Amino acid sequence: MQSWKSAEQGDSHRHEPENSTAASVVPTHEKADTSFGERVRALVASLADGTTTTTDGLRGLSDDEFDEIGRDQPAPPTGAYACFLRLIGGGAGHFLQGSDVFYPRVIGLREAAEEILSESGNPFALGTSDRVILMHQGYQFDFLRGEGPDPEVWTYGEFLAEPSRVHARFTDWLEANVLQERRAWARLVPEYEAEKRKPPSERRYYHYRHHPDGSVTDEL
């Protein structure tokens with residue numbers, strides 16, 4: 001897997017797969033969860049604000065895609081993280097589009113994380129129960145650690161001496177990212193639209209999206 005290693009240009013947009021389906025109904029085996037499942041669903045629903053994404057932009061996973069993610073790392077996706085994948089594992093518009101967190105780019109993240117650790121002198125080792133859930137620009141990754149349906153989230157980057165716990169629960173990590181991204185896109189989208197309406201000679205900045213086929217388009 002090579003796509004995680006190259007930083008995107010401009011505002012860093014991740015590729016959204018074409019063959020993903022919106023998850024409007026949570027599978028039966030996920031309905032047994034309690035508060036963590038309700039929290040994940042509420043946070044995911046709040047992303048459909050018309051700016052960060054729309055309801056149609058909430059892309060869930062097929063059973064085959066979910067199983068592929070499960071086989072990719074020693075620790076299977078369970079609990080709150082599994083609920084997250086079922087609901088928006090295929091992407092959610094602008095949400096986290098600058099990082100590798102959605103299918104298919106989530107495949108291979110543990111291998112990529114272990115390569116970062118090797119290049120950093122192996123400051124620590126990922127355990128068999130740890131699951132890497134996000135890679136940012138090939139130098140920083142977040143991973144789940146701990147037991148239970150809503151485990152801790154830790155982070156490590158090439159600029160850090162050791163990993164650090166950033167959130168006590170996955171749902172706290174999700175909430176923090178949802179709030180941050182919604183605020184950011186509420187500002188960026190209107191600015192981008194205003195800039196696009198200007199003549200090219202008067203524009204202050206551009207946003208470029210790099211596509212898997214190598215093409216580049218002027219879009220947020």
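Just so it is clear, the model here is predicted, and its values are computed rather than measured.
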Regarding Arg169 and the six-membered ring of Phe36, is the cationic atom NZ or CZ under 6.0 Å from the ring centre and inside 45° of its axis? no
Is it true that atom CD of Glu147 has more than 12 heavy atoms of other residues, nucleotides or ligands lying nearer than 6.0 Å? no
Please determine which of Phe170, Phe66, Phe95 meets the ring pair (Phe, Tyr, Trp, His ring centres under 6.0 Å) test together with Phe84. Phe170
Between the side chain of Ser46 and the main-chain N/O of Leu43, is any donor-acceptor distance below 3.5 Å? yes
CZ of Arg131 to CG of Asp142: how many Å apart, nearest 0.5 Å? 14.0 Å
Is it the case that the side chain of Asn177 and the backbone of Trp173 share a donor-acceptor pair, with hydrogens and angles ignored and the cut-off at 3.5 Å? yes
Can you give me the closest heavy-atom contact between Ala80 and Asp150, atom names plus distance? CB-OD1, 3.8 Å
For Thr51 and Asp49, which heavy atoms make the closest approach, and how far apart are they? N-OD1, 2.8 Å
Report the distance from atom CD of Glu115 to atom CE of Met135, rounding to the nearest 0.5 Å. 9.0 Å
Please find the pair of heavy atoms, one from Arg145 and one from Pro151, that lie closest to each other, and give the distance. O-CB, 3.7 Å
Over all atoms of both residues, closest heavy-atom pair of Leu61 and Gly90: CD2-N, 3.6 Å
Would you say Val153 ends up clustered with Leu179 if hydrophobic residues are merged whenever their side chains have heavy atoms under 4.5 Å apart, either directly or through other cluster members? no
Give me the atom names and distance for the closest heavy-atom approach of Gly70 to Pro77. CA-CD, 3.5 Å
Would you confirm whether Ser120, through its side chain, and Ile116, through its main-chain N or O, come within 3.5 Å as a donor-acceptor pair? yes
I need the Glu181 CD to Thr53 OG1 distance, nearest 0.5 Å. 11.5 Å
Exam field: side chain Asp67 to backbone Asp64, donor-acceptor pair closer than 3.5 Å: no
Determine whether Gln73 and Val132 make a side-chain contact, defined as any pair of heavy atoms from C-beta on separated by less than 4.5 Å. yes
Rounded at 0.5 Å granularity, tell me how far OG1 in Thr171 sits from OH in Tyr81. 14.5 Å
So, Glu68 and Tyr103: side-chain donor and acceptor under 3.5 Å apart, yes or no? yes
Do the non-hydrogen side-chain atoms of Asp130 and Leu144 ever get within less than 4.5 Å of each other? no
Distance from Glu193 atom CD to Leu188 atom CG, nearest 0.5 Å? 11.5 Å
Side chain of Glu111, backbone of Gly108: donor and acceptor closer than 3.5 Å? no
With a 4.0 Å cut-off on N to O distance, would you call Asp172 and Arg39 a salt bridge? yes
Are side-chain N/O atoms of Trp154 and Glu152 paired as donor and acceptor at under 3.5 Å? yes
What's the shortest heavy-atom distance between Leu47 and Ala92, and which atoms? CD1-CB, 4.2 Å
Would you sort out whether Ile69 and Ile107 count as a side chain to side chain contact (heavy atoms under 4.5 Å, CB included), showing the intermediate values? CA-CA 6 Å; Ile69 291 174; Ile107 302 297; 3.8 Å; yes
Is the closest basic N to carboxylate O distance between Arg86 and Asp63 below 4.0 Å? yes
Determine yes or no for a side-chain-to-main-chain donor-acceptor pair under 3.5 angstrom, with Glu175 supplying the side chain and Val40 the backbone. no
Walk me through it: do Arg59 and Ile88 pass the test side chain to side chain contact (heavy atoms under 4.5 Å, CB included)? CA-CA 5 Å; Arg59 301 183 178 187; Ile88 55 169; over 6 Å; no
State, with a plain yes or no, whether a side-chain heavy atom of Val106 is found less than 4.5 Å away from one of Asp100. no
Less than 3.5 Å apart, any donor N or O on the side chain of Thr155 or Gln140 sitting next to an acceptor on the other? yes
Decide yes or no on salt bridge (Lys or Arg N to Asp or Glu O under 4.0 Å) for Asp72 and Arg110, but give the supporting numbers first. CA-CA 8 Å; Asp72 186 56; Arg110 183 174 177 113; over 6 Å; no
CZ (Phe102) and CG (Leu134) are apart, to the nearest 0.5 Å, by 9.0 Å
For this output row, return yes or no: ring centroids of Phe143 and Tyr156 closer than 6.0 angstrom. no
